[in-house]
Amino acid sequence: MSSTDSDGGIPLSVRVASLPSNGKNGGGGGDGSSSDSDNVPLSIRSKRQPASAPGGSDSGTESDQPLSGRVKAPRKKAVANGSAPTPAPKRTKKALTPKETKRPRTAASATAAPPKKPTVKSEPKATKPAATKAKTQIDRKPAIKAESSVAATSADDSDDSDNENDEFKWWLNNKDNTGPKWSTLEHFGVMFPPEYEPHGLPLVYRGQKLKMHPLVEEVATFFAALIGSDNAVNKVFQENFFNDFKELLDKHMEKHPVKTFEHCDFSIIRAHLDDIKAKRKTMTKAEKEAAKKEKLEIEEKYGFCMLDGRREKVGNFRIEPPGLFRGRGAHPKTGMLKTRVLPEQVTINIGSDATIPDPPPGHSWGKVVNDNTVTWLAMWKENINNNTKYVFLAAGSSLKGQSDMRKFDKARNLVKCVDDIRAQYTKDLKSEVMAERQRATALYLIDRFALRAGNEKGDDEADTVGCCSLRCEHVSLEPPSIVHFDFLGKDSIRYERTTDVDKQVWKNLRLFQKAPKAKSDMLFDRLSPTTLNSFLHTLMPGLTAKVFRTFNASFVFQKQLLNTPEVGTEAEKILAYNRANREVAVLCNHQRSVSKSFEGVMTKIEDKLLAVRYQRMLLKDHLMSIAPTLKKKRPDIAQKEVGVTAKWIKSYLLATCEVDREKARKKFERDNEKLKEADEPVIPESKLEEQLEEINAREKSINDGTYEPELPVAKNATTDKILEKIDKLTERVGNIEVNKIERDENKTTALSTSKINYIDPRISVAWCKKNNVPLEKIFNRALREKFTWAMDVDSEWTF
DNA sequence: ATTATGACTTAGGAGAATTGAA
DNA sequence: TTCAATTCTCCTAAGTCATAAT
């Protein structure tokens with residue numbers, strides 16, 4: 001988002017008067033760059049990059065460079081003696097923070113005790129009935145009054161706080177975010193995936209069937225399930241998989257013959273998996289019902305917790321099942337075996353007064369803590385990268401909602417000071433101090449192009465970068481001020497873009513690339529996200545690099561929404577909304593893979609559109625012949641239909657013949673089948689022949705040019721009726737066209753990510769109110785739930 | 001000062017569920 | 001009703017950033 005955007009007639013009351021960014025114009029050089037950014041043509045979209053490096057476009061040298069071989073640029077000018085060449089000893093600090101590990105409580109002693117409710121310490125209202133004992137779900141009724149829900153919910157007049165009423169409108173109190181995250185917390189722990197059930201099917205090795213130990217078989221089955229996916233043909237994936245697979249073979253099976261991946265044939269197992277899948281498809285209604293019910297029961301139990309006495313939804317209560325690690329892009333560890341998580345590895349976080357959930361029979365929890373400074377309910381370490389996995393509350397929960405709102409408020413705060421900040425970094429672009437100049441340049445990129453901060457990554461991860469970790473090879477310059485970016489960002493999504501930048505920025509980039517730096521050296525060698533962020537803190541409390549992304553996304557969105565037609569159908573308004581959304585998605589480089597059905601679908605839409613136009617044409621022609629004077633009043637009926645050529649009409653009509661024949665045959669078969677079942681005489685073949693003959697005649701007349709099309713209205717319809725029908729068709733044409741345009745523009749752009757994470761929902765709510773568009777057209781259920789806190793704003797609210 | 005860890009947000013893809021066209 | 005296409009949900013990887021450990 002550029003500076004010019006900010007003055008571009010934005011009605012935002014919030015904007016601060018002066019535009020330092022323009023001030024930069026004065027300094028010369030700033031201008032050109034800023035202007036282009038407001039309407040980034042969609043064509044700049046970058047493409048997803050296949051598994052290898054991006055290819056530095058210009059000299060192309062590096063694109064096939066092995067990850068590991070990459071020379072990491074010396075951060076901080078190689079700070080004295082190349083001390084500790086990275087890999088520092090892993091350590092195992094533990095000792096979870098506050099309180100103490102609660103009574104470890106063996107499975108035996110805990111037995112069947114769902115959260116009993118003597119929950120709260122001091123609260124008198126803790127009326128939990130003993131009845132809870134037998135329940136399998138967390139009680140709906142809050143055990144305690146949320147003490148914080150003060151005024152807002154003040155209608156909390158106890159008696160009937162049961163349902164709707166007790167909805168906790170936390171966003172109406174302005175609570176600060178410091179201090180503990182909760183005071184009481186009860187939950188049922190986590191759900192473990194089912195044990196592996198061996199199928200006993202063999203691996204085929206060099207043509208020989210090999211029955212495997214269950215633990216080996218399980219892993220073989222993981223691979224079999226991926227046959228047909230990109231993973232299965234990825235060399236790194238295969239190698240990593242095979243290493244772990246082989247290790248298990250060696251461990252569990254004496255003298256097995258397996259030596260190389262290439263000779264392994266998993267197809268028998270795969271066939272079995274396909275079989276299971278097919279079987280599942282043919283489940284009866286009753287079976288489906290039963291499965292659904294079971295799922296619901298589980299969700300009812302593990303899916304909720306009691307947080308400060310309120311029932312809240314839990315997000316991912318399932319422990320991740322074992323499988324093959326599917327690292328994205330060129331991840332060095334992709335394909336490795338992600339091992340099964342045992343209860344002994346899981347830490348439970350729960351209120352000190354709550355009943356500790358039972359671990360699965362015969363097991364115990366690794367640890368139980370009562371840490372109310374964090375929001376997670378459970379935690380474990382995953383074996384691939386030694387990362388911590390958490391069980392958090394769902395997106396719609398109050399905890400998540402609160403931090404979400406805080407995030408957007410912070411971004412909104414930036415609206416007020418962004419002009420000053422831009423002025424500051426524009427000035428710093430010319431700083432004598434290298435570190436400052438780099439910082440300013442990086443900040444410019446973050447602000448203009450919504451780049452991520454770009455933390456350093458290890459050699460055991462995919463080589464992706466963000467702003468601070470850009471290497472010289474990722475940026476190529478072209479005088480006088482064109483920059484070409486090409487690098488892999490988060491999730492190995494390629495960022496590719498050619499654009500004009502501020503002249504000083506361009507000069508700086510050239511300076512930062514100067515010899516003796518190599519292509520693989522860091523562009524910003526005097527900068528790290530830490531230093532950048534601590535500088536940002538001095539400009540605005542809580543400001544970090546990522547706030548710019550949120551700010552710019554929401555700001556651009558709000559600005560783009562101004563293109564909503566004031567008069568227009570709902571569809572047109574929604575199109576404008578989605579376009580604004582798309583603009584943001586493009587800015588943030590949110591991509592998705594083109595669905596395989598895309599081309600076909602587009603053709604179909606095109607055909608549908610022409611078919612409707614053809615219908616409309618027939619009616620118009622008819623009207624012109626029976627009431628030629630009408631065209632004075634309705635000039636549109638004299639207008640030609642675009643695209644409906646004689647050639648198209650013919651092929652269309654012929655195609656209908658084919659379709660109709662097919663239909664007739666199908667119907668014939670179906671009818672006869674029914675009759676057969678009912679033991680009644682079937683319709684003779686001749687009947688079908690008759691119908692087909694009719695169609696053939698039609699086909700012939702089409703070919704002759706003697707065919708007289710049927711009108712899509714009754715023969716004796718009045719002109720008014722016909723006009724009415726024409727108007728209906730016109731509306732359909734409009735809708736199809738809108739749909740077509742939108743779809744094409746949407747091909748590779750993912751709108752959801754920005755909608756979920758970057759665009760302040762209050763902008764959308766206000767827009768809906770202003771334009772009379774039902775919110776459901778914009779936000780699905782999950783979004784409405786996630787953004788409850790945003791629903792109250794009025795139509796004039798601005799970001 | 002630097003690195004490691006911890007906690008939390010952001011991300012795209014797979015598969016399930018729903019919707020729409022025939 | 002049936003099938004295909006679209007949308008939604010779930011899943012979990014991959015980021016950011018603050019803070020603890022060294």
Side-chain angles (χ1 to χ4, degrees), chain A residues 48 75-76 79-80 83-84 86-97 181 225-226 229-231 277 280-281 288 291-292 295 315-318 320-321 323 325-329 331 333-334 338 371 373-376 379 381-382 384-390 392-395 399-400 403-404 407 452-458 461-462 464-466 468-469 489-493 528-534 536-537 542 544-547 549-550 588-593 595-598 600-601 604-605 608 659 662-663 666 670 743 746 750 752-754 756-758 780-783:
Chain A
R48 166 169 267 101
R75 153 80 34 113
K76 298 284 185 194
V79 148
S83 59
T86 28
K90 279 270 138 62
R91 84 213 140 88
T92 21
K93 92 142 184 203
K94 266 295 80 161
L96 270 164
T97 22
K181 300 289 201 305
L226 293 177
S229 73
D230 291 349
N231 288 316
K277 212 175 189 177
R280 228 164 6 111
K281 254 195 207 146
K288 278 184 191 158
K292 204 170 178 183
K295 190 176 160 226
N316 54 326
F317 53 80
R318 273 173 238 270
E320 293 173 15
F325 174 67
R326 297 165 84 158
R328 299 171 193 167
H331 194 121
K333 293 186 174 181
T334 195
K338 191 167 88 166
D371 184 353
T373 66
V374 296
T375 66
W376 52 268
M379 176 216 99
K381 283 278 178 113
E382 145 269 358
I384 304 283
N385 298 299
N386 206 232
N387 284 333
T388 318
K389 300 286 190 145
Y390 299 93
F392 290 117
L393 293 193
L399 279 179
K400 292 282 191 191
S403 70
D404 214 25
K407 171 184 78 185
R452 298 186 182 82
N455 285 291
E456 191 146 21
K457 296 188 72 183
E461 298 173 278
T464 64
V465 300
C468 295
S469 50
K490 181 176 179 180
D491 291 312
S492 296
I493 296 293
S528 75
T530 308
T531 54
L532 178 61
N533 282 336
S534 54
L536 290 174
H537 282 316
T544 62
K546 87 194 260 286
V547 179
R549 252 169 99 84
T550 313
C588 296
N589 203 35
H590 290 146
Q591 302 193 232
R592 62 171 190 174
S593 39
S595 73
K596 46 189 180 301
S597 59
F598 182 80
V601 169
K604 265 189 203 164
I605 290 179
K608 197 166 79 182
V659 171
E662 198 49 39
K663 264 191 205 161
K666 278 232 171 93
R670 228 180 315 127
R743 195 179 288 266
N746 249 347
S752 57
T753 306
S754 49
I756 295 170
N757 299 301
Y758 288 104
N780 62 30
R781 196 164 56 89
L783 282 175

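As a basis for the values below, the full set of heavy atoms in this structure was taken, side chains included, without hydrogen atoms, waters or symmetry mates. Naming: A, B, ... by sequence-line order, numbering from 1 per chain.
Note on Thr464(A): a side-chain N or O is less than 4.0 Å away from OP1 or OP2 of dG15(C). Distances shorter than 4.0 Å separate some side-chain N or O of Lys381(A) from OP1 or OP2 on dG6(B). For the OP1/OP2 pair of dG15(C) and a distance below 4.0 Å, the side-chain nitrogens and oxygens of Lys457(A) include at least one atom meeting the criterion. Not one side-chain nitrogen or oxygen of Arg549(A) sits closer than 4.0 Å to the OP1 or OP2 atom of dT10(B). Side-chain N/O atoms of Lys288(A) include none lying less than 4.0 angstrom from OP1 or OP2 on dA16(B).
With 3.5 Å as the limit, one finds a donor-acceptor pair spanning the side chains of Lys457(A) and Thr464(A).
In terms of the salt bridge (Lys or Arg N to Asp or Glu O under 4.0 Å) criterion, residue partners of Arg328(A) (sequence neighbours excluded) are, by chain and number, Asp491(A). Residues satisfying the salt bridge (Lys or Arg N to Asp or Glu O under 4.0 Å) test with Lys490(A), not counting sequence neighbours, are none. Scored by the salt bridge (Lys or Arg N to Asp or Glu O under 4.0 Å) test, Lys338(A) finds Glu320(A) as partners (sequence neighbours excluded).
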Protein-nucleotides 20-22 of chain B N/O pairs under 3.5 Å:
none

Tabulate atom names and distances for all N/O pairs under 3.5 angstrom spanning the protein and nucleotides 17-19 of chain C.
{"unit_1": "dC17(C)", "atom_1": "OP1", "unit_2": "Thr544(A)", "atom_2": "OG1", "d": "2.8"}
{"unit_1": "dC17(C)", "atom_1": "OP1", "unit_2": "Ala545(A)", "atom_2": "N", "d": "3.2"}
{"unit_1": "dC17(C)", "atom_1": "OP1", "unit_2": "Lys546(A)", "atom_2": "N", "d": "2.7"}
{"unit_1": "dC17(C)", "atom_1": "OP2", "unit_2": "Asn533(A)", "atom_2": "ND2", "d": "3.1"}
{"unit_1": "dC17(C)", "atom_1": "O5'", "unit_2": "Asn533(A)", "atom_2": "ND2", "d": "3.4"}
{"unit_1": "dA18(C)", "atom_1": "OP1", "unit_2": "His537(A)", "atom_2": "NE2", "d": "3.1"}

Sub-3.5 Å pairs of nitrogen or oxygen atoms, protein against nucleotides 6-10 of chain C:
{"unit_1": "dT6(C)", "atom_1": "OP1", "unit_2": "Arg743(A)", "atom_2": "NH1", "d": "2.1"}
{"unit_1": "dT6(C)", "atom_1": "OP1", "unit_2": "Arg743(A)", "atom_2": "NH2", "d": "3.4"}

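The residue among Lys400(A) and Arg326(A) whose nearest nucleotide of DNA chain B is located toward the 5' end is Lys400(A).
For Arg592(A), counting side-chain heavy atoms from C-beta on, the closest listed nucleotide (dT9(B), dG13(B), dA14(C)) is dG13(B). Set against dT9(B), dA5(C), dG12(B), the side chain of Phe392(A) has dT9(B) as its closest nucleotide. Closest approach to the Thr753(A) side chain among dA5(C), dA11(B), dA7(B) is made by dA11(B) (side chain taken as heavy atoms from C-beta onward).
No donor-acceptor contact under 3.5 Å links the side chain of Lys407(A) to the base of dT9(B).
Residue-level contact check: Lys338(A) touches the backbone only, with heavy atoms under 4.0 Å from sugar-phosphate atoms and none from bases.
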